[in-house]
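Written out below as structure tokens is the structure these notes cover.
All of these numbers come straight from a predicted model, not from anything done at the bench.
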Amino acid sequence: MAQGIRFGIFPRLFFSMIVVAVIPMGAIWYVDYRASLDRLTADLDARLSSQADAAVNLVDAWVDMNLKVLRQNAALDDMAAMDPKKQRPLLRSVLNEYRSTYLVFTVGLDGMNVARSDDVPLIDYKDRVYVQQVLQGGAMGQQVVISRTTGQPALILSVPITAKDRLAGVLALGASVTEVSGTVANARFGRTGYAFLVDETGAVIAHPLARGSLKDHPALAGLGAERKKKVVFADAGGRQTVAFAQKTRYGWTMLVQQDASEAYAPLAEANRNALILLGITVVFVALVAWVVARRFARPILNLTRITDSISRGSLGAKIGEASRSDEIGGLARAIDRLSASVKLAMDRLAKK
């Protein structure tokens, strides 16, 4: 029957020393890597989350300001009268006071335009989403549209006009989102990090590059019905991206994202340096193990050969290891005494 592979003392010592040295170092590297990964991930999450919060607060504050303007003016007696002659000066005053506003107008209960801040003929607004939202009892209405004048996204906000605690009409304004969208779109961090804003349908309100709809964006799908969520996804180029998606108070979605390769670059560099150091250490340990293993294995192999020679009757070999003070030296002296005893016994037998 064939015998299995047998290893001598040299390879056993050599590999044992490498294992004893490398396993603790590998464990230390792994623990440090995991701790660094967790720490960097926490820092990245905190940074992206904070940036999303700041951007959402900015957008909500801007919408709040416009709604406050509408509600203050909707409460005026001249506005509640639903008289175009009384309403028109108020509408033009709002238009002149707020630079982001490009149109202010009122709508009656039948959906027809009552008064406007410009000189455009009156329009039928009954099919407008923001008008129907108020006419159906909503505290406000909103809709993101593309301005025909600028070709840029604009926000239409509306609030109810009441008279004697009853709905009398709708006050609405159109505001350019250029200022707020510019702040969002220009928010950059690192080479790949940026923010963008979409409305409830996924239409782009602010984005450094994209226009149109992003309703199929992976982060929007990942957010679902939640208010705020971290989403990790692969972009069209296959690159891993880390994003925080967060709803604004008015149903829009703010996304702040950064390429994972850039976000985790410090960890990748530190890990690469650690692996290089580990590799150098393994080579060094291997060299030391080779030297030490040979130092232990060589005298044992020599003593093995001498013992084998003694068993064959060759008793004249000099045992140099007998001068050592360690266990190998003790074994060498015992073999030397054995050789002397065998020689003496053979001499006695030869004299008989």
Side-chain angles (χ1 to χ4, degrees), residues 48-72 74 98 100-105 107 111 125-147 150 152-161 167 170-185 187 194-208 210-231 233 243-257:
L48 292 180
S49 177
S50 175
Q51 288 163 340
D53 287 339
V56 165
N57 290 337
L58 171 69
V59 172
D60 283 342
W62 182 79
V63 177
D64 286 343
M65 179 197 70
N66 285 284
L67 283 174
K68 183 178 180 181
V69 170
L70 282 176
R71 286 169 177 151
Q72 287 175 341
Y98 298 94
S100 64
T101 301
Y102 64 87
L103 175 64
V104 190
F105 58 98
V107 179
Y125 282 104
K126 67 168 60 77
D127 61 342
R128 304 298 201 273
V129 172
Y130 54 88
V131 172
Q132 288 301 318
Q133 287 172 334
V134 173
L135 293 180
Q136 292 172 10
M140 62 164 288
Q142 63 173 334
Q143 185 177 3
V144 176
V145 299
I146 301 299
S147 171
T150 65
Q152 299 296 319
L155 173 65
I156 309 295
L157 291 171
S158 60
V159 297
I161 301 173
L167 182 65
V170 178
L171 173 62
L173 65 76
S176 169
V177 297
T178 301
E179 183 177 351
V180 67
S181 65
T183 302
V184 172
Y194 62 90
F196 64 94
L197 178 67
V198 297
D199 72 4
E200 61 275 13
T201 68
V204 172
I205 299 174
H207 195 289
R211 296 291 183 269
S213 176
L214 290 177
K215 65 179 181 180
D216 296 324
H217 192 283
L220 289 176
L223 176 62
E226 298 185 50
R227 180 184 172 274
K228 185 177 184 180
K229 185 177 181 181
K230 176 185 176 183
V231 183
F233 62 93
F244 263 85
Q246 183 172 345
K247 295 284 188 183
T248 70
R249 194 181 305 132
Y250 301 101
W252 300 347
T253 304
M254 181 73 67
L255 288 103
V256 178
Q257 67 177 55

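- When Leu255, Leu197, Leu214 are each tested for a side chain to side chain contact (heavy atoms under 4.5 Å, CB included) with His207, only one passes: Leu214.
- Gln257 has its side chain within reach of Tyr194: a pair of non-hydrogen atoms, C-beta onward, lies under 4.5 Å apart.
- Taking CD1 of Ile205 as the reference point, atom CZ of Phe196 lies at 11.5 Å (rounded to 0.5 Å).
- For Ser158 against Val170, the heavy-atom pair with the smallest separation is CB-CG1, 3.7 Å.
- Scanning all heavy atoms of the two residues, the minimum distance from Ala74 to Pro160 falls at CB-O, 3.7 Å.
- The nearest pair of heavy atoms linking Gly224 to Lys247 is O-CE, 4.3 Å.
- Taking the side chain as every heavy atom from C-beta outward, Asp53 and Lys228 approach each other to under 4.5 Å.
- With hydrogens and angles disregarded, no donor-acceptor distance shorter than 3.5 Å links the side chain of Gln143 to the backbone of Leu155.
- Put simply, OH on Tyr125 and CG on Leu135 are 13.5 Å apart, with the number rounded to the nearest 0.5 Å.
- Two residues are said to be in side-chain contact when any heavy atoms from C-beta on lie closer than 4.5 Å; Met140 and Arg71 meet this criterion.
- Taking OG of Ser49 as the reference point, atom NZ of Lys230 lies at 10.5 Å (rounded to 0.5 Å).
- In plain terms, the two heavy atoms of Asn66 and Ser100 that are nearest each other are OD1-OG, 4.3 Å.
- Considering NZ of Lys68 and CG of Leu70, their distance stands at 13.0 Å, rounded to 0.5 Å.
- Counting all heavy atoms, side chain and backbone alike, Ala175 lies closest to Tyr102 at N-CE2, 3.6 Å.
- Between Val104 and Leu171 there is a side-chain heavy-atom pair separated by less than 4.5 Å.
- Note that NE2 of His217 and CG of Leu223 are 12.0 Å apart. Values are rounded to the nearest 0.5 Å.
- In this structure, the separation between CD on Gln246 and NZ on Lys229 is 14.5 Å, given to the nearest 0.5 Å.
- The side-chain heavy atoms of Glu200 and Tyr250, taken from C-beta on, include no pair separated by under 4.5 Å.
- Across all non-hydrogen atoms, the minimal contact from Gln142 to Val129 is O-CG1, 4.3 Å.
- Residues Asp64 and Arg249 have side chains in contact (heavy-atom distance under 4.5 Å, counting atoms from C-beta outward).
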